[in-house]
Amino acid sequence: MVTWPGDPPVRTARVSDMEKGDGATLTRLDMGVHAGTHMDAPLHFLREGKSIDEAPFDALIGPARVIEVEDPEMIRAEALRSAGLFPGERVLLKTLNSSRNWPEQSFDPDFVHMSAEAAAHLAEAGVRTVGVDYLSVGGYRRDGADVHRHLLGAGIWIIEGLHLGGVPSGRYDLICLPIKLAGCEGAPARAVLRRWHDSDG
Ligand SMILES: [Zn+2]
């Protein structure tokens, strides 16, 4: 699978294997914590920030909105402004990244990313959680550090590496549980959306 340039590759290897006569099969996993679908904790860019094991459940589980952003280059503040964000909201931003199977393709330095102004707008709006559909909220060799600091500094929890292909914009229930890695600045996560029906209120 694709990883951010310079990050450790994801590797699995069978330490023991019943196919080779061992009594049980056991796999070793070797990866950076920012591979695949994962979450960033404030500690990723803030020295005194919370680590991923301190992520509150209300950032991980609850109603969420998938917002489609059509801009082929960037998630800009204007697009978010017109979406009308509200405090405490969990927002997943679907871009053109989700129109292709990027996890199995080589790294795309021109993936659709968030501008620092958009990140500042999310911070101002007071959203709880932001999810994006590529490996980072910020662009490659751009102002990615600023984007992260705006979000994490405002107490926003970040989900990266979502794949939202086949997920229409709208309201859902989000369940995104990062592995509880003590003291780590991020962790792989399994993210699931459940569609809201009108009868759900
Ligand atoms: Zn990350």
Side-chain angles (χ1 to χ4, degrees), residues 1-11 29-57 59-61 64 66-67 69 74-75 80 90-98 101-116 118-123 127-165 174-193:
M1 65 196 290
V2 64
T3 53
W4 191 259
D7 277 21
V10 177
R11 289 203 187 95
L29 170 63
D30 190 355
M31 66 188 292
V33 298
H34 299 266
T37 307
H38 69 278
M39 288 193 68
D40 286 359
L43 187 60
H44 192 29
F45 276 88
L46 306 170
R47 292 182 72 171
E48 305 296 325
K50 285 190 168 139
S51 51
I52 198 66
D53 49 314
E54 298 177 278
F57 282 123
L60 313 178
I61 301 171
V66 173
I67 297 170
V69 177
M74 220 184 269
I75 300 165
L80 299 180
R90 302 166 195 85
V91 196
L92 307 181
L93 302 171
K94 179 184 179 182
T95 73
L96 282 182
N97 297 329
S98 281
N101 185 24
W102 63 262
E104 292 182 23
Q105 296 170 2
S106 55
F107 181 78
D108 175 10
D110 298 316
F111 68 90
V112 185
H113 60 279
M114 192 183 294
S115 72
H121 177 72
L122 287 160
V127 303
R128 190 75 183 104
T129 306
V130 174
V132 292
D133 58 358
Y134 204 78
L135 286 172
S136 177
V137 281
Y140 181 59
R141 291 190 169 156
R142 296 174 210 252
D143 51 1
D146 285 344
V147 172
H148 277 90
R149 284 193 196 104
H150 276 307
L151 299 174
L152 297 171
I156 297 171
W157 291 80
I158 302 174
I159 310 170
E160 295 171 326
L162 291 168
H163 193 271
L164 297 169
L174 168 71
I175 303 165
C176 179
L177 298 176
I179 298 176
K180 198 174 178 184
L181 296 173
C184 282
E185 83 296 342
R190 185 73 195 266
V192 176
L193 285 174

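Read the numbers this way: they start at 1 and go in the same order the structure lists the ligands and their atoms. Given the structure is predicted, the values throughout are model-derived calculations rather than measurements. Start at 1 with the first residue, then count along the sequence.
Counting non-hydrogen atoms of neighbouring residues, nucleotides and ligands closer than 6.0 angstrom, the CD atom of Gln105 exceeds 12 such neighbours.
With the Zn ion (ligand 1) as the vertex, atom OE1 of Glu160 and atom NE2 of His38 span an angle of 80° (nearest 10 degrees). The Zn ion (ligand 1) is the vertex of the angle joining ND1 of His34 and OD1 of Asp40, which measures 90° to the nearest 10°.
Here the shortest heavy-atom pairing between Ile52 and Pro178 reads CG1-CB, 3.8 Å.
For Asp7, there are no salt bridge (Lys or Arg N to Asp or Glu O under 4.0 Å) partners two or more places apart in sequence or in a different chain. In terms of the side chain to side chain contact (heavy atoms under 4.5 Å, CB included) criterion, residue partners of Leu96 (sequence neighbours excluded) are, by chain and number, Pro72, Ser99, Val112.
Not a single N, O or S atom of His44, from either the backbone or the side chain, sits less than 2.8 Å from the Zn ion (ligand 1).
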